[in-house]
Amino acid sequence: MSHHSSDRSPDPSPENDNSAPESKGVGRSLNFIEQIIEQDMRSGKFQGRVHTRFPPEPNGYLHIGHAKSICLNFGLAAKYQGQCNLRFDDTNPCKEEMEYVESIREDVRWLGFDWEDREYFASDYFEQLHDWAVQMIKAGQAYVCDLTAEQIREYRGTLTQPGRNSPYRERSVDENLDLFRRMREGEFPDGSRTLRAKAEMSHPNLNLRDPVMYRILHAHHHRTGDRWCIYPMYDFTHGQSDSIERITHSICTLEFENHRPLYDWYIETLGIYHPQQIEFARLNLTFTVMSKRKLLELVKNKIVNGWDDPRLPTLCGLRRRGYTPEAIRSFCDRIGVAKFNSTIDVTVLENSVREHLNATAPRVMAVLRPLRVVIVNYPEDRTEFMEAVNNPEDPGSGTREIPFCREVYIEQDDFREDAPKKFFRLKPGGEVRLRYAYIIKCEEVVKDPTTGDIVELRCKCDWETLGKQPEDRKVKGVIHWVSAAHATEVQVRLYDRLFTKQDPDDLAEGEDYKTYLNPDSLQVLERCQAEPSLAAAQPGQRFQFERLGYFCVDTCDSRLGAPVFNRIVSLRDTWAKIEKSTISSLS
RNA sequence: UGGCCCGUGGUGUAAUUGGCAACACACCUGACUCUGGAUCAGGCAUUCUAGGUUCAAGUCCUAGCGGGCCAGCCA
């Protein structure tokens, strides 16, 4: 058995290199889709080709669940030297808009994937789809049905009972041809007729009980305008679109499993190239919701501030929050792909950003809830410049100088009048290290006489402790600080999980998922004190505020010289855990 | 009580396809540290149940149990 010493990857990729997705871990085991692909490679099923596609419907914003699908489809293509198309599945003119098309393009590109010139729309295939429908009518495999939506439902039967044939099922080919032509020409009102496939009304799979192929919809389509008033259904579109694009592996989510027999049936009936549909489990994340309906509701009801609210699992939300594409890709990589319906712990996502940002984000000091500290033995007119490391994980990032003077701000949390046993920050009479500066001792606590609030600490610094440890005692605590005279004031937005419940959809009778909205999911902190260099921070830049977390300069609300910081994710907080566990062990 | 799909630590995903259950996250110890960060070392499983086949079963067979999806002219 060989012992693996800790070896590091030779050169970490530069922060903003977002061009090429990292290759999948070599030697890792294959997921079930890769196994199918490799089998197909061996058998020559698709002549060794791999061609996938990402097929969103442009009726909403992409979220982290879509990222799983995007990474899967584009990742598979890259891994097997194939290609991946971007295809908009736009067969329903009532719900789809160009706004969504653009946001989808942007999000896929941001994630780091390139579909080159292979951007397609199902609506581009409308003419071909129509011809195929005519072909089926001529072959006696499709008919125009005059049943209303309600009647169709009645005739369909139930899960346990077979359906009955439509009375219009035996119309002649000529009559069907004529009726379908007139449907296309706009002669009939919405919902008055449909074109249905002549399949099997007693089939145990309801999808095969004479599925609707075309419906009448006098609606303006975002791309085809008013050219059509009949629109094909998903089932009559998707497989054929895959076929036209010569897709090999058509990967979709589990709920389409029941549709695969119909997917196959249309393609066999039409006698066209046959891609293989493969289904995988969609992503679920703890402490959030992922359904389009709920995301839309949160946005529409202004429970969050738009689709790119940093608390949302949308890709634009995560982007604004400060998540990196690298982090999301590595997240998608580590959650795996399977058919089991699972829920991923959100900490896996959080950890993915921490990992990437730990390696790449420059460290700075900022005090969120300032407490003034006066170092009484420090000269009033003196300023020293302390050398600070920009990123201990990246020696090449160098150092910078931070001003230090008689008055500094520290975090309110870093001082405790009644300090618990294991608290080794500042307390009355106690000592603590100011990071990159002196060890100070708290001599006096100044309080507001009326409110009793602590307003200031008067401390003394030990001149012998700059850059070295005292020999006679151990000072374990190190806290961050900002020089009061030099600090720049910034706004900080502390984001937390949107829901307080692991699974907001796991509800008792009469409960609504919105009951579990986290009231503290956003905390806005004004007048935070940051080290001077941050006045020049540019929108989109990411930093680690030492001991606090990773923060990103907001791209919308920051002003020149007045940056607004979004908390991407906190640092792991061991102290919070200790404190929490001692509290719970007391009760 | 119809059909299809799925059950492996707390959460996910593996297991060279019948050969010592591995990896990540979470959690718990400890070491180290001028970030209570990072890092390092260690701990954490009757593979849904019951039978069966086999020298050997997470993997194969049988029965059961549990979960998901489906009755849009949505995708």
Side-chain angles (χ1 to χ4, degrees), chain A residues 6 25 28-31 35 55-57 59 89-92 94-96 145 147-149 152-154 156-163 190-196 203-207 209 211-217 231 233-235 237-238 252-261 279 281 286 292 334-352 354-355 358-359 363 365 388-389 392-393 422-425 433-437 439 465 467-469 475-480 502 544-549 570-579 581:
Chain A
S6 63
R28 225 190 55 203
S29 55
L30 304 177
N31 65 47
Q35 288 178 18
E57 182 191 9
N59 73 340
D89 215 336
D90 56 351
T91 57
N92 187 344
C94 309
K95 303 202 291 187
E96 295 148 6
C145 183
L147 254 27
T148 63
I152 285 186
R153 196 182 318 126
E154 284 162 16
R156 187 157 34 223
T158 68
L159 294 175
T160 51
Q161 292 166 336
D190 287 4
S192 59
R193 286 175 224 263
T194 56
L195 181 72
R196 299 176 68 183
H203 198 104
N205 182 335
L206 306 224
N207 291 131
R209 317 243 261 229
V212 172
M213 294 161 63
Y214 270 91
R215 73 283 216 189
I216 301 172
L217 245 30
Y231 291 92
M233 300 288 293
Y234 165 85
D235 285 309
T237 306
H238 201 89
C252 61
T253 45
L254 248 29
E255 66 270 25
F256 291 100
E257 228 162 359
N258 294 334
H259 293 249
R260 179 157 30 96
E279 311 85 15
T286 54
K292 271 180 190 174
R334 67 185 73 181
I335 57 176
V337 180
K339 298 195 73 158
F340 180 66
N341 224 311
S342 62
T343 302
I344 307 287
D345 195 321
V346 73
T347 58
V348 180
L349 213 213
E350 293 171 347
N351 189 263
S352 298
R354 284 201 188 100
E355 196 172 275
N358 177 48
R363 271 59 167 171
M365 292 202 284
V389 175
E393 302 296 316
K422 289 182 194 158
F423 183 86
F424 46 80
R425 278 113 94 150
R433 156 83 61 186
L434 292 179
R435 170 139 241 231
Y436 299 123
I439 287 174
T465 56
K468 51 178 180 270
Q469 290 300 359
V475 176
K476 195 168 161 75
V478 178
I479 65 174
H480 61 279
Q502 276 228 7
Q544 184 198 100
F545 289 1
E546 290 215 29
R547 302 210 309 131
L548 296 174
S570 67
L571 248 32
R572 279 210 186 87
D573 193 347
T574 310
W575 166 242
K577 255 178 226 163
I578 292 169
E579 203 170 29
S581 71

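All heavy atoms count here, side chains included; hydrogens, waters and symmetry mates do not. Just so we're clear, the structure is a prediction, and the values are computed from it rather than from any experiment.
With rounding to whole Å, A/Q35 atom CD is found 11 Å from B/rU16 atom C1'. Between the CG atom of A/L147 and the P atom of B/rC73 there is a distance of 11 Å, given to the nearest Å. The separation between A/K339 atom NZ and B/rA14 atom P is 13 Å, rounded to whole Å. Taking atom CZ on A/F256 and atom P on B/rA75, their separation rounds to 9 Å, with Å as the unit. Atom CD1 of A/I344 is separated from atom P of B/rU11 by 12 Å (rounded to the nearest Å). With rounding to whole Å, A/Q502 atom CD is found 12 Å from B/rC27 atom P. Rounded to an integer number of Å, the gap from A/K577 NZ to B/rC25 P is 12 Å. The interatomic distance linking A/E355 (CD) with B/rC25 (P) rounds to 7 Å, in whole Å.
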Quick tally for nucleotides 29-36 of chain B: nucleotides whose base has a protein heavy atom under 4.0 Å get B, sugar-phosphate-only ones S, the rest -, giving ----BBBB
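Among the protein residues, A/I439 comes within range of no part of the nucleic acid, since none of its heavy atoms lies under 4.0 Å from any strand. The residue A/M233 sits close only to the backbone: its heavy atoms come under 4.0 Å of sugar-phosphate atoms, none of a base. Within the 4.0 angstrom heavy-atom criterion, base atoms lie near A/T148. Contact annotation for A/H259: base contact, defined as any heavy-atom pair under 4.0 Å involving a base atom. Using a 4.0 Å heavy-atom criterion, one finds that A/T237 contacts no nucleic acid atom at all. Backbone-only engagement by A/V337 is indicated by non-hydrogen atom pairs under 4.0 Å involving sugar-phosphate atoms exclusively. Backbone-only contact: A/T347 has heavy atoms under 4.0 Å from sugar-phosphate atoms and none from a base. A/A338 comes within 4.0 angstrom of the backbone, heavy atoms only, and of no base.
The P atoms of B/rC5 and B/rU53 are separated by 28 Å, rounded to the nearest whole Å. Look at the P atom in both B/rC28 and B/rG10: the space between them is 16 Å, to the nearest Å. Comparing B/rG2 with B/rA63, their P atoms sit 15 Å apart, to the nearest whole Å. Taking atom C1' in both B/rU46 and B/rA21, one finds a spacing of 13 Å when rounded to whole Å. Taking atom C1' in both B/rC27 and B/rG12, the straight-line distance is 15 Å, to the nearest Å. Here, B/rA56 and B/rA71 have their C1' atoms 48 Å apart, quoted to the whole Å. Nucleotides B/rA14 and B/rC23 have their C1' atoms positioned 7 Å apart, rounded to a whole Å. A gap of 15 Å separates the P atoms of B/rG58 and B/rG52, to the nearest Å.
For A/N351, the listed nucleotide lying nearest its side chain is B/rC25; candidates were B/rC25, B/rC74, B/rC69. Relative to the side chain of A/L159, the nucleotides B/rC73, B/rA71, B/rG12 differ in distance, and B/rA71 lies closest.
Among residues two or more places apart in sequence or in another chain, the salt bridge (charged side-chain N to carboxylate O under 4.0 Å, His left out) test is passed with A/K339 by A/E257, A/E279. Residues satisfying the ring pair (Phe, Tyr, Trp, His ring centres under 6.0 Å) test with A/H480, not counting sequence neighbours, are none. In this view, A/D89 and A/H238 satisfy the side chain to side chain donor-acceptor pair (under 3.5 Å) rule, not counting sequence neighbours.
Not one side-chain nitrogen or oxygen of A/R354 sits closer than 4.0 Å to the OP1 or OP2 atom of B/rA38. OP1 and OP2 of B/rG72 both lie 4.0 Å or more from every side-chain N or O belonging to A/R215. Remark: A/S342 is in phosphate contact with B/rU13, judged by side-chain N or O atoms under 4.0 Å from OP1 or OP2. Within the 4.0 Å cut-off from OP1 or OP2 of B/rG2, not a single side-chain nitrogen or oxygen of A/R156 is found.
The aromatic rings of A/Y234 and A/F256 sit tilted relative to each other, their planes meeting at an angle between 30° and 60°.
Both key distances under 3.5 Å define a Watson-Crick or G-U pair, and stretches of 3 or more such consecutive pairs in RNA chain B run B:2-7 with B:65-70, B:10-13 with B:22-25, B:27-31 with B:39-43, B:48-52 with B:60-64.
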Pull out every protein N or O sitting under 3.5 Å from an N or O of nucleotides 64-68 of chain B, one pair per line with the distance.
| unit_1 | atom_1 | unit_2 | atom_2 | d |
| --- | --- | --- | --- | --- |
| B/rG68 | O2' | A/N341 | ND2 | 3.0 |

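With A/E546 contributing its side chain and A/M365 its backbone, the two residues share no donor-acceptor pair below 3.5 Å.
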Please walk me through it: do A/E355 and A/R334 pass side chain to side chain contact (heavy atoms under 4.5 Å, CB included)?
CA-CA 13 Å; A/E355 196 172 275; A/R334 67 185 73 181; 3.0 Å; yes
